[in-house]
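Below is one structure, written out as structure tokens; the observations come after it.
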Protein chains: 2
Amino acid sequence: MSENAREAILEAARIAAQHYGYGGINFRSIGETVGIKNASIYYHFPSKADLGAAVAKRYWQDAVKALEVLREENPEPLRSLQAYPSLFRKSLEDGNRLCLSSFMAAEYVDLPDAVRSEVLAFADINVAWLMARLTDLGAGSPEVCERRARAIYSAIAGAQLIARTRADIGLYDELVQSYQDTGLIPA
Amino acid sequence: MSENAREAILEAARIAAQHYGYGGINFRSIGETVGIKNASIYYHFPSKADLGAAVAKRYWQDAVKALEVLREENPEPLRSLQAYPSLFRKSLEDGNRLCLSSFMAAEYVDLPDAVRSEVLAFADINVAWLMARLTDLGAGSPEVCERRARAIYSAIAGAQLIARTRADIGLYDELVQSYQDTGLIPA
DNA sequence: ACCTGAACACCGTTCAAGT
DNA sequence: ACCTGAACACCGTTCAAGT
């Protein structure tokens, strides 16, 4: 039961964070969902900051796995790069949600340090993955590939942010298509 | 005095919102800044939603003026498009702040309707301006120019978001440069 | 017309106390 | 080991009351 309560708290916090950001993590409603009192959460997580950091950490660890799968399914570097935006599309499909990291990037100044470093880790692993694919593609020197990887990542994050405000997945697809048409994303 | 109090509230709320988002608008600390009790704010604004909407509305109205100035200073369409990212750079320069609209785009689901429509208005006026410049440049049909305008806007918003999490203006400049190198932003 | 004090239900957090 | 009740200082909001 003890490990289950911890997991249940983490899961409830993840859902809240993905819908409302770090500020949306509410100890009393999490307690209700899990079936314990809000004070009991402090037995499992010493503070909201720790709970938030645990959520963000698991989030980027899951992203690492998803990126590995994406690469295995698309061994061709060009195809894997073309498939990359589909990862961020999923959040929009699933309840018009924002990538947790973009969410927390917006809340950045308010964020406890422990949460902040996990948010940065998410960006890091995405850029590293994109850089590796671009290198496989022979897109240039390590410096060139890293610059390009960062540009793709930030443009995709922006597309997701803007498309969400219109609750319009079609807009996201259009933006990604434009990125490909103009050559930002190799096509 | 009455009009001054309203203005002072609006100004204090703007600063709070630009630093911490809509959620960062705090009636008690605004009251302290202005020199009145928090309950008195309700005499000027019927709710936090109305205050937030007023802040967001003024924000995009100011953006309209800034875009007009940018165009007057850069009558050449290509040059005005190249100068466009400097507007979003200013927020980063000035206290590593995020464009208010991106901030509120992240908080989107939590936002009262009145605030939401002002956030959308900001994106609209930016896209309209970009589209007009692209049209002046002869970048293609209205549809093509609008698509491209949206892509530029979302990519810039993303660059600002990502650069802010590193508190690194150099990263913003690098991202913008990449957008220009790859051809997303005409150069 | 403009402001205040006191109250409301809500938050994260603490802590002594229960089993 | 795990959970609870009660309290704390904080929030937006309301409202009767002041000038």
Side-chain angles (χ1 to χ4, degrees), chain A residues 1-56 103-104 106-116 118, chain B residues 1-56 103-104 106-116 118:
Chain A
M1 264 303 160
S2 74
E3 204 54 31
N4 277 359
R6 197 183 187 280
E7 274 305 310
I9 292 165
L10 213 42
E11 174 66 6
R14 185 186 61 82
I15 290 169
Q18 287 189 332
H19 280 271
Y20 307 106
Y22 177 74
I25 298 178
N26 177 324
F27 275 50
R28 279 178 178 81
S29 66
I30 286 175
E32 238 171 88
T33 304
V34 176
I36 57 177
K37 297 296 161 187
N38 78 87
S40 309
I41 297 171
Y42 287 85
Y43 178 76
H44 301 281
F45 297 93
S47 73
K48 180 169 169 173
D50 289 273
L51 177 54
V55 167
F103 230 141
M104 292 185 167
E107 295 174 295
Y108 204 66
V109 285
D110 289 321
L111 248 39
D113 284 347
V115 182
R116 215 178 284 203
E118 303 301 341
Chain B
M1 265 302 161
S2 75
E3 203 55 31
N4 278 358
R6 198 184 187 278
E7 275 304 310
I9 292 164
L10 213 42
E11 175 65 7
R14 186 186 63 80
I15 289 168
Q18 287 191 332
H19 280 271
Y20 307 106
Y22 177 74
I25 298 177
N26 178 325
F27 274 50
R28 279 178 179 81
S29 66
I30 286 175
E32 237 171 89
T33 305
V34 176
I36 55 177
K37 297 295 159 187
N38 78 89
S40 309
I41 298 171
Y42 287 85
Y43 178 76
H44 302 280
F45 297 93
S47 72
K48 179 169 169 173
D50 290 272
L51 177 54
V55 167
F103 231 140
M104 292 185 166
E107 295 174 296
Y108 204 66
V109 285
D110 289 320
L111 248 40
D113 284 348
V115 183
R116 216 178 284 203
E118 304 300 343

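Keep in mind that the numbers below use all heavy atoms, side chains included, and drop hydrogens, waters and symmetry copies. Every chain is numbered from 1 and lettered A, B, ... according to where its sequence line falls, protein lines coming before strand lines. What you are looking at is a predicted structure, and each value in this text was computed from that prediction instead of being measured.
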Checklist entry - Going through the checks in order, is the side-chain contact (heavy atoms from CB on, under 4.5 Å) test met by Tyr108(A) and Arg116(A)? => result CA-CA 7 Å; Tyr108(A) 204 66; Arg116(A) 215 178 284 203; 2.7 Å; yes

Item to check | Step-by-step side-chain contact (heavy atoms from CB on, under 4.5 Å) determination, Val115(B) to Tyr22(B) | outcome: CA-CA 9 Å; Val115(B) 183; Tyr22(B) 177 74; 4.1 Å; yes

Checklist entry - Taking it one step at a time, do Leu51(B) and Ile30(B) satisfy side-chain contact (heavy atoms from CB on, under 4.5 Å)? => result CA-CA 11 Å; Leu51(B) 177 54; Ile30(B) 286 175; 4.2 Å; yes

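Distance Lys48(B) NZ to dC11(C) C1': 12 Å, rounded to the nearest Å. Atom CZ in Phe27(A) sits roughly 16 Å away from atom C1' in dC8(D) (whole-Å rounding). Rounded to whole angstrom, the span from the CZ atom of Phe45(B) across to the C1' atom of dT13(D) amounts to 16 Å. When rounded to the nearest whole Å, the span between OH of Tyr22(B) and P of dC11(D) equals 15 Å. We find that CG of Asn4(A) is positioned 15 Å from C1' of dA1(D), with the value rounded to whole Å. One interatomic measurement links the two molecules: CG of Asn26(A) to C1' of dC11(D), which rounds to 12 Å at whole-angstrom precision. The interatomic distance linking Arg28(B) (CZ) with dC10(C) (C1') rounds to 11 Å, in whole Å. Following rounding to the nearest Å, Asp50(A) (CG) and dT14(C) (P) show an atom-to-atom distance of 11 Å.
Phe45(B) approaches Arg6(B) most closely through the heavy-atom pair CE2-NH2, 3.4 Å. Closest approach of Arg28(B) to Asn26(B), counting heavy atoms only: N-OD1, 2.8 Å. Across all their heavy atoms, Ala16(A) and Gly24(A) have their closest contact at CB-O, 3.7 Å.
Taking every side-chain heavy atom of Tyr43(B) into account, dC2(C) is the closest of dC11(D), dC2(C), dC3(D).
A donor-acceptor pair under 3.5 Å is formed between the side chain of Glu107(A) and the backbone N or O of Gly23(A).
Residues from residues 33-42 of chain B placing a heavy atom under 4.0 Å of any atom in DNA chain D, listed by number, are Asn38(B), Ala39(B), Tyr42(B).
Not one side-chain nitrogen or oxygen of His44(A) sits closer than 4.0 Å to the OP1 or OP2 atom of dA1(D).
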Item to check | For DNA chain C, the dot-bracket pattern of Watson-Crick and G-U pairs whose distances stay under 3.5 Å, | for other-strand partners | outcome: ||.|||||...|||||.||

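Between Leu10(A) and Glu7(A) there is a side-chain heavy-atom pair separated by less than 4.5 Å.
For OH of Tyr20(A), the number of neighbouring non-hydrogen atoms (other residues, nucleotides, ligands) closer than 6.0 Å is 12 at most.
Within 4.0 Å of Ile30(B), counting heavy atoms only, lies no atom of the nucleic acid at all.
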